[in-house]
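Keep in mind that this is a model prediction, so the values were computed, not measured.
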Amino acid sequence: MEPDDVKISRKKPIFPVTPAFQKYLRKYQRESKLPITYDDLLVFDEAYPIMDRYGKDSLWEGPIYAANRIEHLHNGLKVIYANLKASGNLRIVQHKYIEKIEYCTFGNTHPFRIKIVNRLNDVYDYFYVKRADASRIYGLELEEILSPNQVNYLVDGDTLIEEHVAGIPGDVFAKIYLHNPEYNPTRIAKEFVKFNERCLIMLLGDMRSYNFVVQITPDFDDIQFRIRAIDFDQQFYEGNIKVYLAQFFKENLPYVKMCMDQLTDKTYLQYQQEEKSSILHRVRSERHRLADLRDVSNTEILTTPENIESLKKGMADHFEDAHYLQCQTMTDIVELNIKNIIRQVKL
C-alpha cells in the first residue's frame with residue numbers, strides 16, 4: 001500500500017441515459033416522472049458565493065431566482081422529495097419547506113443541493129439534483145448491488161435525484177477524528193481495506209478522501225465504522241488501474257499509514273477475503289438484477305477503447321491472470337472480477 005500521485009481525466013464526458021438503460025431503470029423502479037428538472041434549476045441570472053465556516057470559498061453558490069418562479073420551484077422540489085423518500089406520498093412534505101437551493105461549480109455533474117426543513121421541529125434533510133450521467137448511475141447501481149450500502153436515487157430523462165449520504169467527509173475525518181483515542185484504529189484500518197477492495201472489484205474510481213464519507217456507529221462494546229462512496233462520476237471510465245485503488249491516492253495517506261501500522265500481511269489478506277465473501281453473498285441474492293445490468297451496460301459506450309485496452313492489461317498484470325486480456329468492455333472486466341471471487345471463495 002503506497003500512495004501515489006494518480007492522474008484523473010478532468011474531461012470525462014457525460015454519457016446519456018439510453019432507452020435500453022431507461023428500460024432497466026423502469027424495471028427496478030428507479031425511474032420517476034418529476035415536476036422539476038435539472039434544467040429548470042439552471043434558470044437563474046445571479047448567484048452569490050457561499051463561504052464555509054472558516055470563511056473560505058466552499059465552491060458552492062446561492063442562485064437567485066426570479067420571484068415569480070420561486071413558489072413553483074419549491075413546490076416541485078417538495079414533490080421530488082416525497083417521490084424519493086415515500087413513493088410520492090405528499091403527506092410527508094405537508095409541514096416541510098425548502099430553505100436553500102445551492103449550486104456547485106466544481107465536479108462533472110454540477111449538482112444542486114436542496115435543504116428541506118420540517119417547520120414543526122426544525123429537523124432538516126438534504127437531497128441533490130444533478131445532470132444524469134450514465135456512468136454515475138451505473139456506479140450507483142453497482143453500489144446498491146455489490147456493497148453493504150443501500151442507495152436511494154431517481155432518474156427522469158436528463159435529471160438525476162440523489163439522497164444525501166450522511167457521514168463525516170473522509171478528508172475531515174482524517175484531519176480531526178482519525179486518531180481519536182476513543183476509536184479503535186484497527187477497525188478503521190479494516191474498513192479502509194474492505195473499501196479499497198470493493199472499489200477495485202466494482203471499478204469505482206477516484207475515491208480520494210473528499211469523495212467518500214465515514215459513518216460512525218456506537219455498538220454495545222465498541223464503535224463501528226463504515227466508509228461510503230459519495231461520488232460515482234468515475235465509474236469504469238479510466239484506463240489506469242491505480243484509479244480504482246483508493247490506497248494509491250496521496251489524499252488517503254493517513255488511512256494508508258494507519259493500515260500499515262495496525263495490520264499485518266495476514267490480517268490484511270483476511271479482511272480482503274471477508275469483503276470478497278460478503279460480495280459473493282450479495283451477488284447470489286441479486287444475480288438476476290446484476291445480469292440485467294450487465295446485459296444493458298455491455299451494449300453501451302461508457303469509455304474509450306484505449307482505456308479498456310490499458311485497464312485490461314493493468315488488471316492482467318495485477319492479478320497475474322491473462323483472462324483479463326480477452327475482455328472487450330469495462331463490464332467484462334467487472335464480470336471477470338466477480339467470477340474470480342466466486343472461484344476463490346469456493347476454494
Side-chain angles (χ1 to χ4, degrees), residues 6-26 28 30-31 38 104 106-112 128-147 149 151-163 165 195 198-208 210-212 228-246 249 289-290 292-312 314-315 327-338:
V6 183
K7 304 297 183 185
I8 303 291
S9 298
R10 287 298 166 208
K11 294 184 179 179
K12 172 194 165 293
I14 289 181
F15 293 99
V17 178
T18 63
F21 196 21
Q22 285 177 344
K23 184 178 179 181
Y24 168 92
L25 294 170
R26 194 176 307 122
Y28 290 99
R30 295 297 195 180
E31 192 180 55
Y38 179 87
C104 184
F106 181 75
N108 285 336
T109 50
H110 297 292
F112 286 89
Y128 299 86
V129 182
K130 303 179 180 182
R131 178 79 69 193
D133 176 13
S135 298
R136 186 177 185 92
I137 300 170
Y138 277 114
L140 290 166
E141 275 298 293
L142 284 172
E143 179 79 356
E144 170 74 18
I145 296 169
L146 296 180
S147 86
N149 309 309
V151 179
N152 193 9
Y153 73 93
L154 297 171
V155 181
D156 181 11
D158 294 334
T159 301
L160 168 64
I161 309 297
E162 283 185 40
E163 183 179 55
V165 177
F195 178 67
R198 281 200 304 276
C199 290
L200 181 60
I201 292 166
M202 295 162 51
L203 294 188
L204 175 59
D206 196 15
M207 279 300 107
R208 285 175 283 188
Y210 51 77
N211 287 332
F212 62 77
R228 285 196 60 174
I230 57 172
D231 189 335
F232 298 88
D233 289 345
Q234 293 289 342
Q235 177 63 48
F236 49 56
Y237 176 77
E238 300 285 349
N240 181 358
I241 188 174
K242 289 184 177 180
V243 172
Y244 305 105
L245 286 160
F249 289 101
R289 183 173 184 168
L290 192 59
D292 287 344
L293 188 67
R294 174 203 63 199
D295 292 344
V296 68
S297 64
N298 241 338
T299 64
E300 301 197 337
I301 297 174
L302 295 167
T303 187
T304 65
E306 294 78 14
N307 283 350
I308 296 171
E309 285 299 312
S310 177
L311 184 60
K312 70 184 188 181
M315 298 292 280
C327 295
Q328 301 299 312
T329 65
M330 292 297 197
T331 304
D332 287 345
I333 296 174
V334 174
E335 186 172 22
L336 184 52
N337 285 344
I338 293 171

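To the nearest 0.5 Å, the span separating CG on L302 from CD1 on I308 amounts to 9.0 Å. In this structure, CZ in R136 is found 9.5 Å from CG in L204, a value given to the nearest 0.5 Å. Atom CG of residue L140 and atom CD1 of residue I145 lie 11.0 Å apart, to the nearest 0.5 angstrom. Atom CZ of R131 is separated from atom CZ of F112 by 9.0 Å, given to the nearest 0.5 angstrom. To the nearest 0.5 Å, the span separating OG1 on T331 from CG on L336 amounts to 12.5 Å. Going from atom NZ of K130 over to atom CD1 of I137 covers 10.5 Å, rounded to the nearest 0.5 Å.
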Could you go step by step and tell me if L290 and L142 meet the side chain to side chain contact (heavy atoms under 4.5 Å, CB included) rule?
-> CA-CA 8 Å; L290 192 59; L142 284 172; 4.2 Å; yes
Can C199 and M207 be said to form a side chain to side chain contact (heavy atoms under 4.5 Å, CB included), step by step?
-> CA-CA 8 Å; C199 290; M207 279 300 107; 3.6 Å; yes
Mind running side chain to side chain contact (heavy atoms under 4.5 Å, CB included) on D133 and F15 for me, showing each step along the way?
-> CA-CA 5 Å; D133 176 13; F15 293 99; 3.9 Å; yes
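Nearest heavy atoms, I241 versus M315: CD1-SD, 3.5 Å. Closest of all the heavy-atom pairs between M330 and L203 is O-CD1, 3.9 Å. For L293 against E141, the heavy-atom pair with the smallest separation is CD2-CB, 3.9 Å. Residues Y244 and Q234 approach most closely at CE2-O, 4.0 Å, considering heavy atoms. Looking at every heavy atom in both residues, S310 comes nearest to G239 through OG-O, 3.0 Å. When all heavy atoms of A229 and F195 are compared, the closest pair comes out as N-CE1, 3.9 Å.
Counting heavy atoms from C-beta on, the side chains of D231 and Y210 never come closer than 4.5 Å. Counting only heavy atoms from C-beta outward, the side chains of K23 and L25 never approach each other to under 4.5 Å. Within the 4.5 Å cutoff, the side chain of L146 has heavy atoms near those of the I338 side chain. Counting heavy atoms from C-beta outward, V334 and I201 have side chains that stay 4.5 Å or more apart.
K12 and E238 are not joined by a salt bridge, as no carboxylate oxygen comes within less than 4.0 angstrom of a charged side-chain nitrogen.
Although no hydrogens or angles enter the test, the distance criterion places a donor-acceptor pair under 3.5 Å between the side chain of N307 and the main chain of Y237. T159 places a side-chain N or O within 3.5 Å of a backbone atom of Y38 that can act as its donor or acceptor partner. Although no hydrogens or angles enter the test, the distance criterion places no donor-acceptor pair under 3.5 Å between the side chain of E31 and the main chain of D156. A donor-acceptor pair under 3.5 Å is absent between the side-chain atoms of D158 and the main chain of A132, judged by distance alone. Judged by distance alone, the side chain of S147 and the main-chain N or O of E144 form no donor-acceptor pair under 3.5 Å.
Judged by distance alone, the side chains of E300 and Y138 do bring a donor and an acceptor atom under 3.5 Å apart. Side-chain contact annotation: E143 with Y153, donor-acceptor N/O pair under 3.5 Å absent. Side chains of Y128 and E163: a donor-acceptor N/O pair is absent below 3.5 angstrom, by distance only. For the 3.5 Å distance criterion, the side chains of D292 and Y28 qualify, holding a donor opposite an acceptor.
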